[in-house]
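Single-structure report; data block below.
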2 protein chains.
Amino acid sequence: MKVSTRVEYGLVALADIALNSENGCTVSSAEIAERQNISQKYLEQIIIGLRQGGFVKGMKGSRGGYVLSRPAERIYLSEVLNALDNNILADAHEAEETLGNDILSSVNSCLWNKLNGYMRQFTESMTLADVIGEYRKSTGGGDMYYI
Amino acid sequence: MKVSTRVEYGLVALADIALNSENGCTVSSAEIAERQNISQKYLEQIIIGLRQGGFVKGMKGSRGGYVLSRPAERIYLSEVLNALDNNILADAHEAEETLGNDILSSVNSCLWNKLNGYMRQFTESMTLADVIGEYRKSTGGGDMYYI
DNA sequence: GCGAAAGCCTATCATTTTGCTATGGATTTC
DNA sequence: GAAATCCATAGCAAAATGATAGGCTTTCGC
């Protein structure tokens, strides 16, 4: 399953914002772009989608940037994926529409509907907090440096 | 999850061949195109992929057409999907390569690798026979007419 | 044998999607 | 008021998608 850079960058940016705004400060698109090695202008467009989805708040002006608009524990990956790409997850009711008795309907009901159902269920059970937790685990819990 | 027409038509065509070649006769691309309402020339290209994947045999000449090259019970959907689209399922070893300790690796290990693993496992557990069974179930088992 | 019927192969092409780049306006802080 | 930042939109090249078209090759039926 190939995922677009838009989805990839969007998820990484959201996690970056979550990780670096914990002390109350904002995270600018320039910071994220440098840390994650993404074109800043492209990133800004993607983050607009995250803002419209209600996951981050943008603060204009000098010293502006982004913060999460809800705790990471309540940001479900299903929502984020839908905001970044409206084809990656199928709607729940979409599965019920294939009631014909042709071959295509059979393929849908025994293959695609089941796969889509699992993907929806799995991404609804995961939150941004899980991603952050995985990251902390991989860095041994010691990625914060205090002077 | 949006699926390309190539994958959709390919699966339908394969099931059509399986269903209509049971009495030993061949199934022509023209027949399939008419029954499934697909452009015949486009369909031919797709079926070439099915033949190269080893799922069907093509018989040239008048009275030619296609038949399965193995029993439907041994045609796994994972193989078929890989033959029709090499991005739809990820390789098994691909998952093991993401061992970095950056955010992207974390997203991969807790989201994409798990989703891909499930998709692979699920499609490896399903065969063309399951699709055909679903179709027969939907038509009430009475789609064959004897004169 | 010959012709029709079928598979097989390749080229072409329009449209859409993807992945950016660029420009500039709006707003806030210092 | 100037710098920094978000916000919005336009443009654009490359790739993928979804076909269409032409013609060669092989085989069956007569």
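Below, chain A is the first sequence line, B the second, and so on; all start at residue 1.
Taking atom CG of residue A/Leu84 and atom C1' of nucleotide C/dG19, one finds them 15 Å apart after rounding to whole Å. Rounded to whole Å, atom P of D/dT17 lies 12 Å from atom CD1 of B/Ile46. Nucleotide D/dG18 holds its C1' atom 11 Å from the NZ atom of B/Lys2, rounded to whole Å. Taking atom CD1 on B/Ile47 and atom P on C/dA6, their separation rounds to 13 Å, with Å as the unit. In this structure, the CD1 atom of B/Ile17 is 9 Å from the P atom of C/dG7, given to the nearest Å. When the P atom of D/dG18 is taken as reference, atom CD1 of B/Ile38 falls 12 Å away, rounded to whole Å. A straight line from CD1 of B/Ile88 to P of D/dA16 spans 16 Å, rounded to a whole angstrom. Rounded to an integer number of Å, the gap from CG of A/Leu43 to P of C/dT21 is 12 Å.
The closest donor-acceptor contact from the side chain of B/Ser28 to the backbone of B/Glu31 lies under 3.5 Å. Here the side chain of B/Asn116 pairs a donor or acceptor atom with the backbone of B/Trp112 at under 3.5 angstrom. At distances below 3.5 Å, not a single donor-acceptor pair connects side-chain atoms of B/Asn20 with backbone N or O atoms of B/Ile17.
Look at B/Ser29 and you won't find any side-chain N or O under 4.0 angstrom from OP1 or OP2 of C/dA6. For C/dT21, one of the phosphate oxygens OP1 or OP2 lies less than 4.0 angstrom from a side-chain nitrogen or oxygen of A/Ser39. Listed pair A/Tyr42 / C/dA22 fails the phosphate criterion, with no side-chain N or O lying under 4.0 Å from OP1 or OP2. Residue A/Tyr66 places no side-chain N or O under 4.0 Å from the OP1 or OP2 atom of D/dT5. A close approach under 4.0 Å does not occur between any side-chain nitrogen or oxygen of B/Arg6 and OP1 or OP2 of D/dT17.
Checking C/dA11, D/dC7, C/dC9 against the side-chain heavy atoms of B/Ile48 singles out C/dC9 as nearest. Closest to the A/Gln45 side chain, of the nucleotides C/dT10, C/dC8, C/dC20, is C/dC20.
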Scoring nucleotides 24-30 of chain D by protein non-hydrogen atoms under 4.0 Å (B base, S sugar-phosphate only, - none) yields --BBBS-
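Counting heavy atoms from C-beta outward, B/Asp16 and B/Arg35 have side chains that approach closer than 4.5 Å.
Counting distance only, with no hydrogens placed and no angle test, the side-chain atoms of B/Lys41 and the base atoms of D/dG22 include a donor-acceptor pair under 3.5 Å. Contact of A/Glu44 with D/dC7 (side chain to base): a donor-acceptor pair of N or O atoms is detected under 3.5 Å.
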Under the criterion side chain to side chain contact (heavy atoms under 4.5 Å, CB included), I'd like the reasoning laid out for B/Ile103 against A/Leu11: C-alpha separation, chi angles, the key distance, then a yes or no. CA-CA 9 Å; B/Ile103 294 181; A/Leu11 282 173; over 6 Å; no
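For B/Asp85 and A/Gln40, each mapped to the nucleotide of DNA chain D holding its nearest heavy atom, the one lying further toward the 5' end belongs to A/Gln40.
Side-chain contact annotation: A/Thr127 with A/Glu73, donor-acceptor N/O pair under 3.5 Å absent.
In this structure, B/Phe122 has its ring center at least 6.0 angstrom away from the ring center of A/Tyr118.
When A/Val12, A/Leu43, A/Asn37 are each tested for a side chain to side chain contact (heavy atoms under 4.5 Å, CB included) with A/Ile32, only one passes: A/Leu43.
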